[in-house]
Amino acid sequence: MSPVSPSVYPPEAIPTIRVVAMPTDTNPAGDVFGGWLVSQMDLAAGTAAAFRAKGRCVTVAIDSFIFHEPVSVGDEVSIYTKVTQTGKSSIVVHVETWRRARNSNDRRKVTQGKFTFVALDENRKPRGLPPEDGFDTITE
């Protein structure tokens, strides 16, 4: 499987999450931890999944994940989500992370991934998804 090349422009949508990378998010070399990016992406994907499921969801898989380039302290990190597939109780969310250097308008895709969630009921058991109502993600 060959890596997917980064897009030139970010999605024409409102990001699900936008945050600034801080010094506490870095490794000893000064780059933002990959795990910090994964956790931010999981939060954004979970938001989109819960919105579509109209309730609680849990991450069951990260089916793909690509790091294109590092994120630095002070970069504005924007995370975009899109529900790409649903099953009886499952939701697949495509996630892209873009960075913008603090004093620049230059935006670069830094990561992308595919996260799978399952909707849960009040007993933490899988439940069926409600019918789509035309608003299956918060970014469309």
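The basis for the numbers below is simple: all heavy atoms, side chains too, and nothing from hydrogens, waters or symmetry mates.
Transitive grouping of hydrophobic side chains (ILVMFWY, heavy atoms separated by less than 4.5 Å) keeps M22 and W36 in distinct clusters. Connection of V92 to V38 is not established within any shared hydrophobic cluster, with ILVMFWY side chains joined at heavy-atom distances below 4.5 Å, either directly or through further cluster members. Cluster membership for V58 and V93, using ILVMFWY side-chain heavy atoms within less than 4.5 angstrom, is not shared.
A donor-acceptor pair under 3.5 Å is formed between the side chain of N27 and the backbone N or O of A29. A side-chain donor-acceptor contact under 3.5 Å links R127 to the backbone of L120. Panel note: side chain R52, backbone P130; a donor-acceptor pair is recorded below 3.5 Å.
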| For Q40 and V19, what are the C-alpha separation, side-chain angles and deciding distance, and is it a side chain to side chain contact (heavy atoms under 4.5 Å, CB included)? | CA-CA 9 Å; Q40 297 299 311; V19 65; 4.0 Å; yes
| Check against side chain to side chain donor-acceptor pair (under 3.5 Å), T16 and T47 | CA-CA 8 Å; T16 306; T47 298; over 6 Å; no
| Derivation and outcome, side chain to side chain contact (heavy atoms under 4.5 Å, CB included), residues T97 and L37 | CA-CA 8 Å; T97 303; L37 284 171; 4.2 Å; yes
| request: Assess whether side chain to side chain donor-acceptor pair (under 3.5 Å) is satisfied between T116 and D63, documenting all intermediate values. | output: CA-CA 7 Å; T116 303; D63 300 307; 2.6 Å; yes
| field | Step-by-step side chain to side chain contact (heavy atoms under 4.5 Å, CB included) determination, F65 to M41 | value | CA-CA 10 Å; F65 200 92; M41 293 172 74; 3.4 Å; yes
| said: One pair to check against side chain to side chain contact (heavy atoms under 4.5 Å, CB included): F117 and T86. What are the steps and the verdict? | reply: CA-CA 9 Å; F117 293 82; T86 58; over 6 Å; no
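At least one side-chain heavy atom of R99 sits less than 4.5 Å from a side-chain heavy atom of E69. Counting heavy atoms from C-beta on, the side chains of V118 and P126 come closer than 4.5 Å. A heavy-atom distance below 4.5 Å is found between the side chains of F115 and D42. No side-chain heavy atom of V77 sits less than 4.5 Å from a side-chain heavy atom of V20.
Here the CD atom belonging to E96 is positioned 11.5 Å from the OG atom belonging to S78, to the nearest 0.5 angstrom. Put simply, NZ on K114 and CD on Q85 are 7.0 Å apart, with the number rounded to the nearest 0.5 Å. In this structure, CH2 in W98 is found 9.5 Å from CD in Q112, a value given to the nearest 0.5 Å. For the atom pair H68 NE2 and T111 OG1, the distance stands at 7.0 Å (nearest 0.5 Å). Of the inter-residue distances, the one linking D25 atom CG with S39 atom OG reads 8.0 Å to the nearest 0.5 angstrom. Here the straight-line distance linking atom CG of L43 with atom CD1 of I17 works out to 5.0 Å at 0.5 Å rounding.
Minimum interatomic distance between L129 and A119 (heavy atoms only, all atoms of both residues): CD2-CB, 3.8 Å. Heavy atoms only, all atoms of each residue included: D75 and A101 are closest at OD1-CA, 3.5 Å. Here the shortest heavy-atom pairing between I91 and A49 reads CD1-O, 3.4 Å. Contact between A45 and V95 at its shortest, heavy atoms only, is CB-CG2, 3.7 Å. Between P70 and V110, the shortest heavy-atom distance links the atoms O-CG1, 4.0 Å. Here the closest heavy-atom approach between residue T81 and residue A48 is recorded as OG1-CB, 3.5 Å.
E76 has no carboxylate O lying under 4.0 Å from a charged side-chain N of R102, or vice versa, which leaves the two without a salt bridge.
Within 6.0 Å of CG in D106 there are more than 12 heavy atoms belonging to other residues, nucleotides or ligands.
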